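One-based numbering along the sequence shown. Since we're looking at a predicted model, the values are computed, not measured.
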Amino acid sequence: MHTMRWLFAIALGLWLGFTSISLPATAATQTTVGDLRKQAFELTSKGKFDLAEVVWTQLLDALPDEPALWSNRGNVRVSQNKIEAAISDYDQAIALAPLQPDSYLNRGAAYEAVGKWQAAIDDYNRVLKLSPDDPAAYNNRGNAKGGQGDWNAALKDYEQSITIQPSFSLGYANYGIALFEVGDHGKSLQVLKSLARKYPNYADVRAALTAVLWETGNRGEAESQWAAARGLDRRYTDLDWVQHVRRWPPSLVAGLDHFLNL
């Protein structure tokens, strides 16, 4: 099965894996199934997750033994914060296709959303057993290790993710953020500045760079980065969201707090 990786949780620093589907069907139903499949992917890509869930469910009614359908419906449920329902879908996908890595990757992300760090790590380890050079699995495992408070281990996973795929911007962002947490402020600043130049609309990088610049005494630059970050995504003005949803490490949250509360 060919796999497409669609980024749904970039603000959380996570990857979810969507799976493209070749659905067997009789001549009489082939057009209908094909149309539903196209509609489901289009609605998902447009962020209309509630409507997409309805169409994925219609496809499952027709083809309940297709594991990719269960995994894909799980993804749109995660995007609606229906975490337990999503985990149930991933469980079904895994039962039908235990050697398909994306379902483990997706279930791990769902476990992270409810703070089940070790369960998430176990699933990412399964992905890496099936697909040892998967940068998304290393990135996500780093997030879960960060959730456990082990930012040195997280840093190693982020570094591995970008070693495997040097163009992996999400892995680089998390790497730069983790560097700050472990005390390598100079390298953190270098990585985040490089990313901000390459991806000027990357709100997470701009906001992180604000905190790093402020804490390292570059306050004029911090103000400039913040103007861009706030314009791109106002959620970064909410420290509770930054800490508990985006899950920045403690020192970076503190840095942003210092900046916001001058």
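Residues Asn106 and Val78 form no side-chain contact, since every pair of their non-hydrogen atoms from C-beta on lies 4.5 Å or further apart. Within the 4.5 Å cutoff, the side chain of Ile94 has no heavy atoms near those of the Gln100 side chain. The shortest side-chain heavy-atom distance between Pro250 and Glu181 falls under the 4.5 Å cut-off. Between Ile177 and Arg246, the closest side-chain pair of non-hydrogen atoms falls below 4.5 Å. Arg235 has its side chain out of reach of Asp238: every pair of non-hydrogen atoms, C-beta onward, lies at least 4.5 Å apart. Looking at heavy atoms from C-beta onward, Tyr104 lies in side-chain contact with Pro98 at the 4.5 angstrom threshold. When side chains are defined from C-beta on, Leu170 counts as touching Tyr202, because their heavy atoms get closer than 4.5 Å. Side-chain contact between Leu209 and Leu189: present, with at least one pair of heavy atoms (C-beta onward) separated by less than 4.5 Å.
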Exercise for review: Show the numbers, then the answer: is there a side chain to side chain contact (heavy atoms under 4.5 Å, CB included) between Phe41 and Asn72?
Suggested key: CA-CA 9 Å; Phe41 276 113; Asn72 289 349; 3.8 Å; yes
Check your understanding: When you look at Asp65 and Leu60, which way does the side chain to side chain contact (heavy atoms under 4.5 Å, CB included) test go after all the steps?
Key -> CA-CA 8 Å; Asp65 295 327; Leu60 279 167; over 6 Å; no
Practice item. Walk me through it: do Glu53 and Lys82 pass the test salt bridge (Lys or Arg N to Asp or Glu O under 4.0 Å)? Key: CA-CA 11 Å; Glu53 182 181 351; Lys82 298 178 179 179; 2.9 Å; yes
Practice item. Could you check Trp226 against Phe259 for ring-ring contact (aromatic ring centres under 6.0 Å, His included), going step by step and ending with a plain yes or no? Key: CA-CA 9 Å; Trp226 180 245; Phe259 173 81; 5.6 Å; yes
Practice item. Evaluate side chain to side chain contact (heavy atoms under 4.5 Å, CB included) for Asn143 paired with Tyr158, printing each intermediate quantity in order. Key: CA-CA 9 Å; Asn143 290 340; Tyr158 297 142; 2.5 Å; yes
Practice item. Would you check, one step at a time, whether the test side chain to side chain contact (heavy atoms under 4.5 Å, CB included) holds for Arg247 with Glu112? Key: CA-CA 10 Å; Arg247 298 205 321 269; Glu112 281 195 67; 2.4 Å; yes
Point to revise | Full working for side chain to side chain donor-acceptor pair (under 3.5 Å) between Tyr124 and Lys129 | key: CA-CA 9 Å; Tyr124 300 141; Lys129 186 174 181 180; over 6 Å; no
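Shown here for Ala120 and Ala144, the closest heavy-atom pair between the two residues is CB-CB, 4.2 Å. Ala203 and Asp233 get closest at one heavy-atom pair: CB-CB, 3.7 Å. Pairing each heavy atom of Leu239 with each of Asp257, the nearest pair is CD1-OD1, 3.3 Å. Nearest heavy-atom pair across Val127 and Pro101 is CG2-O, 3.5 Å. Considering all non-hydrogen atoms of both residues, Trp70 and Pro64 come closest at NE1-O, 2.8 Å. What you find for Tyr90 and Arg107 is that their closest heavy atoms are CD1-CA, 3.4 Å.
Geometrically, Arg219 engages Trp214 in a cation-pi contact, judged by NZ or CZ lying under 6.0 Å from the ring centre and within 45° of the ring axis.
For Gln92 (side chain) and Ser88 (main-chain N/O), no donor-acceptor pair under 3.5 Å exists by modelled atom type. Although no hydrogens or angles enter the test, the distance criterion places no donor-acceptor pair under 3.5 Å between the side chain of Asn218 and the main chain of Glu221. Looking only at distances, no side-chain donor or acceptor of Trp151 sits under 3.5 Å from a matching main-chain atom of Lys145. Judged purely by atom type and a 3.5 angstrom limit, Ser188 has no side-chain atom pairing as donor or acceptor with the backbone of Asp184. The main-chain N or O of Ala93 is never found under 3.5 Å from a side-chain atom of Ser103 such that the two would form a donor-acceptor pair. Panel note: side chain Arg77, backbone Ile83; no donor-acceptor pair is recorded below 3.5 Å.
No side-chain donor from either of His185 and Glu215 sits under 3.5 Å from a side-chain acceptor of the other. Of the N and O atoms on the side chains of Asn139 and Asn174, at least one donor lies less than 3.5 Å from an acceptor on the other residue. Using a 3.5 Å distance cut-off with no hydrogens or angles, the side chains of Thr57 and Arg73 do pair a donor with an acceptor. Between Trp248 and Asp204, the side chains place a donor N or O and an acceptor N or O closer than 3.5 Å (distance only, hydrogens not considered). Side-chain atoms of Tyr175 and Lys156 include no donor-acceptor pair closer than 3.5 Å. Side chains of Trp56 and Thr44: a donor-acceptor N/O pair is present below 3.5 angstrom, by distance only. Residues Asp122 and Tyr111 have side chains that never bring a donor and an acceptor to within less than 3.5 angstrom of each other.
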